[in-house]
Amino acid sequence: VSKKKRLNAHLSKNDLKVLKDILMFQKERIINTQMSKKIQFSLQNENKDEVDSANDNILVSTDLRFSNREMLYLKKIQKSLNFIENEEFGMCQECGAEISMQRLKARPTSDMCINCKEESERSEHQNAHGRTSKSLGKEVKLEAGF
Ligand SMILES: [Zn+2]
């Protein structure tokens, strides 16, 4: 009801709706994937003898790692959806700059402007090169999937 300008006024109501739809769609997709995996998992584990179970454990642990990555992305999506509700969405969490619609459309979970993102990636590389580039690789792969 208040006439105060929205914090993220650079995004129109329609922009926000479009981005919210994308986020909701991705969220649903991850949840559906998780559910079908759980169902498969419980089906696979009926009537197993010991040897089969041992083999399965290897497969399952690979599966769960993948799930964890999806769960992380799910958390990011949920955070972005909360941001939409409280008007922080589309604002850089580092410097408060506006994140462009173009960038948000490509990556709706962006919570940093390009400058801050590049800055944080640069310093991550410098601090812990080996570990960080591994986790960045994961992130790139994950996002390419969407
Ligand atoms: Zn920034």
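Atoms within each ligand, like the ligands themselves, are counted from 1 in listed order.
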remark   = Listing protein N, O or S under 2.8 Å around the Zn ion (ligand 1) gives Cys92 SG, Cys95 SG, Cys113 SG, Cys116 SG
message = Show every salt bridge (charged side-chain N to carboxylate O under 4.0 Å, His left out) that has at least one partner inside residues 11-20, sequence neighbours left out.
response = Lys17-Asp21, Lys20-Glu85
request  = Report the residues that fulfil side-chain hydrogen bond (donor to acceptor under 3.5 Å, both in side chains) with Lys75, sequence neighbours left out, ordered by chain and then residue number.
outcome  = none
query = Do the side chains of Gln34 and Met71 get nearer than 4.5 Å, heavy atoms only?
reply = yes
remark   = Across all chains, not counting sequence neighbours, the side chain to side chain contact (heavy atoms under 4.5 Å, CB included) partners of Glu28 are none
ask   = Within the distance-only criterion (no hydrogens, no angle test), does the side chain of Arg6 pair as donor or acceptor with the backbone N or O of Ser12 below 3.5 angstrom?
value = no
key: Tyr73 with Met24, same ILVMFWY side-chain cluster at under 4.5 Å   = yes
